[in-house]
Amino acid sequence: MSEKINIPRGTFDILPGESSKWQKLLNIFCETANLYSYQEIVTPIFESAHLFERGVGEVTDIIEKEMYRFTDRKGREFALRPEGTAPIVRSFIENHLGKEYAPAKLYYFGPMFRYDRPQKGRYRQFHQYGVELIGSNNPYTDAEVIALADHFLKQIGIKNYTLEINSIGCDKCSPVYDAALIEYYSKHKDELCGDCVKRLEKNPKRLLDCKNEKCQLIGKEAPSILDYLDEDCAAAFEKVKYYLNLLKVDYIVNPRIIRGLDYYSNTAFEFLTTSLGSQNALLGGGRYNGLVKQLGGVDTPAVGFAGGVERLLAVAEAEGISLVDSGNSGIYVANIGAETIDYALALCAEFRSKGISVEYEIDKNNFKSQLKSANRLNIPYVCIVGSEEMEGQRFTLKEMNSGKQVTLNRSDIGEKFNNWPKLSVFEAEQTC
RNA sequence: GUGGCUGUAGUUCAACCGGUUAGAGCACUGGAUUGUGGUUCCAGAUGUUGUGGGUUCGAGUCCCAUCAGCCACCCCA
């Protein structure tokens, strides 16, 4: 035997038992997005590395240490996408989506890649779903995007979450606030943790969500962004809250919400869960008015969110939500004796042509074990063919729940199976 | 990237202070008079103890390395 090759660290297979949950989740997301008239967009999973450096921000963790970079055979620098927004904005610009759709209302789903230390709810290849609304600065659109996210979580059945919103201001008032934070925290510099001392220079807003007790204590007295918003930003934030109320979305204002990527401005929001330990960010987003211009397009305001599928599934499981479909409605074809195999196969084909899902196990030649198998697979009906049936061009159909069975003519498949899985044969004519 | 915990049949877990053929439940396979499943009963198969070294008369058990998972930090989905 040759050497066994294992799956890369931080990745996982979606096995047959799991994949139906993913399909269901994705379906619900597509349906919800469609309710709000968003259309799907699919972009490549790798892009020019510069797209992310410029879009996400060069000094973020994502770019500095988490990006999967590679060069191709001609030395071009690419990266597996660590997030979905920059590629979509790239596509928006490249395909002039602003001309055709105004605003562009887009949703997406797919794998993302970050070289991070794996943990539960944190993987190197993970999956995000998200929406982007590009081309409006109307605060209603912030609320709409949030409402869509909220609607989606409710459709899945998630209960244990809170929506926290904030405004981090625009490129005019945000620096004023940073200055105020620096001034405040500098007075307590000796008491701050090491990380926070660095944050003070690099990204002062990050000081606010440090988990260190001392830092938090100091943070309680820190100035609030909400007092530093300029007139336009403050008015916009009020409007967002107004529309959220109108759309009946519950939220709390948390002036400490800071988003990790550089491109955010104004509205920032997070859907947080308590049922997942420290990986509590279920979904996050906000407004990013500067990004389109920054990536070479004409100045266009935009807002969006992204959520993690793995975390959502984990929360769903923690909350006991079943994403498994209601069950099999197919037929298990069982034959008795080698001479009936061909006849059984012919019946399989006829059932399938009626749109009925058929299981037939060619390598199981013991009749009893075939029935056992049907039972284990939870298949509600078994079609039994032995030599008696074959000679009369018939088959026996058994309803596993009740144990009832009837013998039907092969030609009955044409009419009696039109409304499968609704079947009247067991009420009308019973034998056995 | 930092610190800690863990790794034993398909799976969940046992195995004393290092001691001889590494066990059990569930699952699996076969059987209980020939063409009828689920419950029951009987029988059976299963492991290079994550991997590679080391200490020892002897290692699942101790030591080192490595890989992987988990937890916290960092960060985030």
Side-chain angles (χ1 to χ4, degrees), chain A residues 1 3-12 15 17 56 59-67 81-85 109-130 149 193-196 198-199 203 206 209-212 257-261 270-273 276-285 305-315 332 334-337 339-340 364-390 395-405 407 432:
Chain A
M1 227 169 39
E3 196 191 346
K4 197 175 83 180
I5 296 170
N6 292 326
I7 195 168
R9 183 166 199 204
T11 67
F12 56 92
L15 301 173
V56 178
V59 294
T60 57
D61 278 10
I62 290 179
I63 302 306
E64 279 183 344
K65 50 182 209 191
E66 294 175 6
M67 200 156 71
R81 63 181 181 198
E83 61 105 41
T85 300
F109 172 89
M112 306 292 164
F113 305 83
R114 289 182 202 172
Y115 189 93
D116 207 344
R117 185 114 163 216
Q119 216 172 304
K120 200 178 204 75
R122 191 168 81 177
Y123 303 93
R124 290 184 173 178
Q125 174 175 341
F126 61 102
H127 297 77
Q128 283 190 335
Y129 55 90
C193 71
D195 288 331
C196 279
K198 281 182 223 151
R199 290 186 180 113
N203 191 346
R206 281 247 162 273
D209 56 12
C210 180
K211 283 173 189 165
N212 183 298
I257 294 257
I258 300 302
R259 303 257 60 227
L261 316 184
E270 285 178 359
F271 287 77
L272 302 171
T273 172
L276 222 58
S278 73
Q279 306 304 322
N280 65 347
L282 193 52
L283 184 157
F305 73 76
V309 178
E310 290 80 3
R311 284 182 193 182
L312 187 51
L313 286 170
V315 172
Y332 186 101
N335 72 297
I336 304 159
E339 71 280 6
T340 56
K364 270 205 167 66
N365 42 30
N366 179 318
F367 176 59
K368 203 165 177 171
S369 70
Q370 291 181 72
L371 272 181
K372 263 189 184 175
S373 190
N375 191 62
R376 195 188 59 225
L377 294 168
N378 213 10
I379 298 174
Y381 294 94
V382 175
C383 162
I384 298 168
V385 290
S387 47
E388 287 169 29
E389 283 87 349
M390 184 170 69
F395 61 90
T396 298
L397 191 68
K398 174 166 182 156
E399 190 177 49
M400 295 297 271
N401 271 341
S402 61
K404 290 176 189 168
Q405 55 187 55
T407 298
C432 187

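In what follows, chains carry the letters A, B, and so on, assigned in the order in which the sequence lines appear, proteins first and then strands, with residues in each chain numbered from 1.
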If you measure from the C1' atom in B:A9 to the same atom in B:G25, how many Å do you get, rounded?
13 Å
Does one side chain, of A:Thr407 or A:Glu389, offer a donor that lies under 3.5 Å from an acceptor on the other?
no
Residues at least two apart in sequence or cross-chain that pass side chain to side chain donor-acceptor pair (under 3.5 Å) with A:Glu310, listed by chain then number, are A:His127
For A:Asp61, give me all partners under side-chain contact (heavy atoms from CB on, under 4.5 Å), at least two apart in sequence or on another chain.
A:Glu64, A:Lys65, A:Glu66
Those residues that, when tested against A:Arg206, pass salt bridge (charged side-chain N to carboxylate O under 4.0 Å, His left out) (two or more places apart):
A:Asp209
Using atom C1' in both nucleotides, what's the gap between B:G60 and B:U20 to the nearest angstrom?
14 Å
Nearest-Å distance once atom C1' is located in both B:U21 and B:A15:
14 Å
Return the set of residues passing side-chain contact (heavy atoms from CB on, under 4.5 Å) with A:Leu15 (not counting sequence neighbours), or none when no residue passes.
A:Asp13
Residues passing the side chain to side chain donor-acceptor pair (under 3.5 Å) test with A:Tyr332, sequence neighbours excluded, are A:Glu361
Work out how far the C1' atom of B:A22 is from that of B:U8, and round it to whole angstrom.
8 Å
How far, in whole Å, is B:U33 from B:U51 if one measures between their P atoms?
44 Å
Residue set satisfying salt bridge (charged side-chain N to carboxylate O under 4.0 Å, His left out) with A:Arg122, at least two apart, ordered chain then number -> A:Asp116
Can you tell me, in whole Å, how much space there is between the C1' of B:G18 and that of B:C73?
37 Å
According to the salt bridge (Lys or Arg N to Asp or Glu O under 4.0 Å) rule, which pairs have a member within residues 368-382 of chain A, sequence neighbours left out?
none
Interatomic distance at C1', B:U56 relative to B:A14, whole Å:
26 Å
When you compare the side chains of A:Gln370 and A:Ser373, does any donor N or O come within less than 3.5 Å of an acceptor on the partner?
no
With A:Gln125 via side chain to side chain donor-acceptor pair (under 3.5 Å) - residues at least two apart
none
Return the set of residues passing side chain to side chain donor-acceptor pair (under 3.5 Å) with A:Arg114 (not counting sequence neighbours), or none when no residue passes.
none
When you compare B:A59 with B:A72, how far apart are their C1' atoms, in angstrom units rounded to a whole number?
32 Å
I need a per-nucleotide contact map over nucleotides 66-77 of chain B, read 5' to 3'. Cutoff is protein heavy atoms under 4.0 Å; write B for the base, S for backbone only, - otherwise.
--SSSSBBBBBB
For nucleotides 30-39 of chain B, just jot down a letter per nucleotide in 5' to 3' order: B, S or -, based on protein non-hydrogen atoms under 4.0 Å.
-S---BBBB-
Treat a base pair as Watson-Crick or G-U wobble with both distances under 3.5 Å, then lay out RNA chain B in dot-bracket form, 5' to 3', with | for cross-strand pairs.
(((((((..((((.....[...)))).(((((.......))))).....(((((..]....))))))))))))....
